[in-house]
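What follows is one structure encoded as structure tokens, with my remarks underneath.
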Amino acid sequence: MTEHDEHSCCHCQGDHETAHGESKALPGQYTCPMHPEVISDTPGDCPKCGMALEIVGAGSAEADEHAQREIRELSRKFWIGAALALPVFILAMGGMIPGFPLGEWIPKHVSKWIEFALATPVVLWCGRIFFVKGWRSVLSRNLNMFTLISIGVGVAYLYSVVAVLFPGLFPDSLKMHGEVGLYFEAAAVITVLVLLGQLLETKARSRTGAAIGALLGLAAKTARRVDADGNEEEIAVEDIRRDDLLRVRPGEKIPTDGVVVEGASNVEEAMLTGEPVPVRKAAGDTVIGATLNQTGSFVMRAEKVGAETLLSQIVHLVAEAQRSRAPIQKTADKVAGYFVPIVLLAAVITFIAWAIWGPEPALAFAVINAVSVLIIACPCALGLATPMSIMVGVGRAAREGILVKNAEAIEMTEMVDCLLTDKTGTLTAGAPKVTATKTAEGVEAEHLLRLAAALESQSEHPLAKAILAEAAERNITVPKVADFESTTGGGVSGTVESTRVLAGKQAFLTDAGVVIPESLVNSAESMQNEAQSVVWIAADGNAVGVFGISDPIKASTPEAIKGLHALGIEVIMATGDNAKTAAAVGKKLGINQVRAGLSPEDKIALVKELKAAGKTVAMAGDGINDAPALAEAQVGIAMGTGTDVAIQSAGITLVKGDLSGVAKSIRASKAVMRNIRQNLFFAFVYNALGVPIAAGVLYPFTGTLLNPMIAGAAMSFSSVSVIANALRLGKTSLD
């Protein structure tokens, strides 16, 4: 049976049921990221965990507006609450600071009314959403952190209101200098802290929709349809129908998936494969929507449209992967599910025990001590434990060029035991470059490059750019070329300064009668064995040299791989490149496994395969084709030098695009999670000791009860200890 928000949804699961009997929300409906079985037709909160429901169809204008509206509302309440809570905190705690005579400036009988006036809008207006969530959790019998927060804040506030309005109800033993201790600052500060957590969480969730929006933005907006008479008309991409003939001109995005029927061109398919070298397309070849046509013009037949296209499938994969993750709050809610009833039971037992066996006025003591138990169990330190460690830890990581999107990424990174990494742009530089040069005897390397650059300046071949870039880097003046000719599938030729020059494949030179020395043949074979593309150069009938062109491995990559192995991480390369090139790179770097020729679907399937085998998987990549796998992996790590889609799909971004940042990310995660566990220990120890004392277990032995002012100081000390411990993260070494 599908769960429903009782205030928002009144429909059966019917059409939303999958083949496995699971419920599934449809676009325009709302669902919970943590509990996808919860479906609603209108906005609201999850009845199980209290989390705000998300609209299905992330990346749409409606979804974006829904997220932005929620962020604006939380932001407004947070800043107003913070402005009001700060003076309340100062008034309550200022008197405990040595040398700070706040009590002389503002007497307690005056300050309590100021605290009451300032704390009331914070609790009742800013914090109203938490009381609503807490009440729903009670009605649905799904106790969570909002149950605990609403009880703690509510009791602290009501106790303090009664103490201000009716101080005569309290025994003298619970007064200090004639005034009852108040908890307005605890109620206000906890409300503001929880609001901050909700705001940060909502912003993080809205960024997942940004990844979908960026993917959708890659698609072409219009297409040129060719009719039976050869006439062309511009139409919207949404109006393309299967079997339509479409003209694609140089520099245009391919509008949809299909097959070339006329003409030829080079097409950049980095979106699909991640590889920077364009692919030659001719009649009969498949082309993919949103890839970029570079040089020629061709006519294609549309074969897949709308949701059938590869880009739409990638969007779907990213959306599904992002929604499948369970936020870190789920663990806290499980703990709260046990903690809340224990605290409530302790308060009830305290009330009964004091009402039966307590001194007169027994009922007053019973009420006050039961309330004290609820107040001291309020999750002040518990509320600070995680956000403080994350805030400081994220700041420390940022100084190392590691940007962390959300708490979940930090939580999961410490458990990573398998790194799946793309090749191009992650392990390698991401652009073809001249990585080897061999000249014939008596030929200068600069002269060889000069001849080659002159000829390639007229070429449309992708490898020509690498030779021209090498010439530019060496500040070589490129002469003009005459009589330029291009032979499809072979090479190019022309006259450079009265010299007849050829550039291309070995067979192209051989067919032209060029003499090729054995030494150059051996050098070319060595280059090919290292997965380099070889370009031969001949001058006046003699081979004068060869260039090896490849995507070079980043200088920092070998050391980064060694560091990951030292941490016990298994490294697997997952690339869209061919097996030979991938194997050469993998062997050189000592990578554990190499998987080549993978599509975006193959990569996400590999992530699922590894997860099913019990691995905690991190995926490092920089391309659009990596986005689904980045979202599906427990930890997605994007290169800051890569595409916006990859960055938005990942939980962690390495600003420098350097794989060595992965090891630092793991160390940062371990340090932050260790610090969080220490903070939670402090918080729970505080509650474990504080609740029995508040209940009055010391009364039979000492005759004293926990004074509210002492309880307030103890609560403050617990929070200070958590903050101080979290601040230590700022000095942690990540090397």
Side-chain angles (χ1 to χ4, degrees), residues 250-251 264-268 276-282 293-297 431-528 530-552:
S265 181
N266 290 322
V267 176
E268 182 188 295
V277 180
V279 179
R280 187 71 179 172
K281 298 290 184 179
N293 181 34
Q294 288 201 324
T295 53
S297 174
K433 187 176 181 181
V434 175
T435 48
T437 304
K438 179 65 177 178
T439 62
E441 188 175 348
V443 179
E444 294 289 336
E446 287 197 2
H447 178 64
L448 176 69
L449 186 57
R450 193 164 180 269
L451 293 177
L455 199 57
E456 298 291 11
S457 66
Q458 301 299 310
S459 174
E460 296 179 349
H461 197 280
L463 298 182
K465 294 179 181 179
I467 293 175
L468 289 169
E470 183 72 8
E473 190 175 321
R474 296 195 186 188
N475 296 316
I476 291 175
T477 303
V478 179
K480 292 183 178 180
V481 61
D483 305 322
F484 178 83
E485 292 182 13
S486 176
T487 302
T488 303
V492 292
S493 62
T495 302
V496 181
E497 296 177 336
S498 302
T499 301
R500 187 63 180 171
V501 181
L502 284 76
K505 297 179 180 178
Q506 182 178 353
F508 176 64
L509 272 63
T510 303
D511 292 344
V514 172
V515 177
I516 300 177
E518 190 67 24
S519 60
L520 287 185
V521 173
N522 293 334
S523 297
E525 287 179 353
S526 297
M527 293 175 186
Q528 288 171 332
E530 293 183 6
Q532 297 180 10
S533 298
V534 175
V535 177
W536 288 80
I537 309 296
D540 289 337
N542 294 300
V544 290
V546 290
F547 292 105
I549 299 176
S550 65
D551 185 8

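None of these values were measured; they are calculated from a predicted model. Just so you know, these numbers use all the heavy atoms, side chains as well, and skip hydrogens, waters and symmetry mates.
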Please enumerate all residues that pass side-chain hydrogen bond (donor to acceptor under 3.5 Å, both in side chains) together with Glu470, with sequence neighbours excluded. Arg474
Verify, without hydrogens or angle tests, whether Asn522 (side chain) and Glu525 (backbone) share a donor-acceptor contact under 3.5 angstrom. no
Measure the shortest side-chain to side-chain distance between Leu448 and Ile537 over non-hydrogen atoms and say whether it is less than 4.5 angstrom. yes
If you look at every heavy atom in Pro517 and Ala543, which pair is closest and at what distance? CD-CB, 3.9 Å
Ile516 versus Trp536: any side-chain heavy-atom pair under 4.5 Å? yes
Heavy-atom side-chain contact between Thr435 and Gln532 under 4.5 Å: yes
Correct closest heavy-atom pair for Ala454 and Pro479 would be CB-O, 3.4 Å
How about Gln528: does its CD atom have over 12 heavy atoms from other parts shown lying under 6.0 Å from it? yes
Between Thr495 and Val501, is the side-chain contact (heavy atoms from CB on, under 4.5 Å) condition met? List the steps. CA-CA 6 Å; Thr495 302; Val501 181; over 6 Å; no
Considering only heavy atoms from C-beta outward, does the side chain of Phe547 approach that of Leu463 to under 4.5 Å? no
How long is the gap from CG on Leu502 to CG on Asp540, to the nearest 0.5 Å? 10.0 Å
With sequence neighbours excluded, residues passing side-chain hydrogen bond (donor to acceptor under 3.5 Å, both in side chains) with Gln458: none
Got Lys433 and Ile549 here, is their nearest side-chain heavy-atom distance under 4.5 Å? no
May I have the step-by-step check of side-chain contact (heavy atoms from CB on, under 4.5 Å) for Leu520 and Lys438, ending in yes or no? CA-CA 7 Å; Leu520 287 185; Lys438 179 65 177 178; 3.7 Å; yes
Considering non-hydrogen atoms only, spot the tightest contact between Val514 and Ala538 and give its length. CG1-CB, 3.7 Å
State the NZ-OG distance between Lys465 and Ser457, to the nearest 0.5 angstrom. 14.0 Å
Contact summary for Met527 and Val546, nearest pair of heavy atoms: CE-CG2, 3.7 Å
Stepwise side-chain contact (heavy atoms from CB on, under 4.5 Å) check, Lys505 with Val534: CA-CA 7 Å; Lys505 297 179 180 178; Val534 175; over 6 Å; no
Indicate yes or no: does Arg450 engage Glu444 in a salt bridge with an N to O separation below 4.0 Å. no
Going from NE2 on His447 to CD1 on Ile476, what distance comes out if it is rounded to the nearest 0.5 angstrom? 11.0 Å
Side chain to side chain, Arg500 and Ser493, heavy atoms closer than 4.5 Å: yes
Mind checking whether Glu485 and Val492 have side chains closer than 4.5 Å, heavy atoms only? no
Heavy-atom side-chain contact between Thr439 and Val544 under 4.5 Å: no
Write down the atom of Leu451, the atom of Ala539, and the distance for their closest heavy-atom approach. CD1-CB, 4.2 Å
Closest approach of Ser550 and Pro552, non-hydrogen atoms and distance? O-CD, 3.2 Å
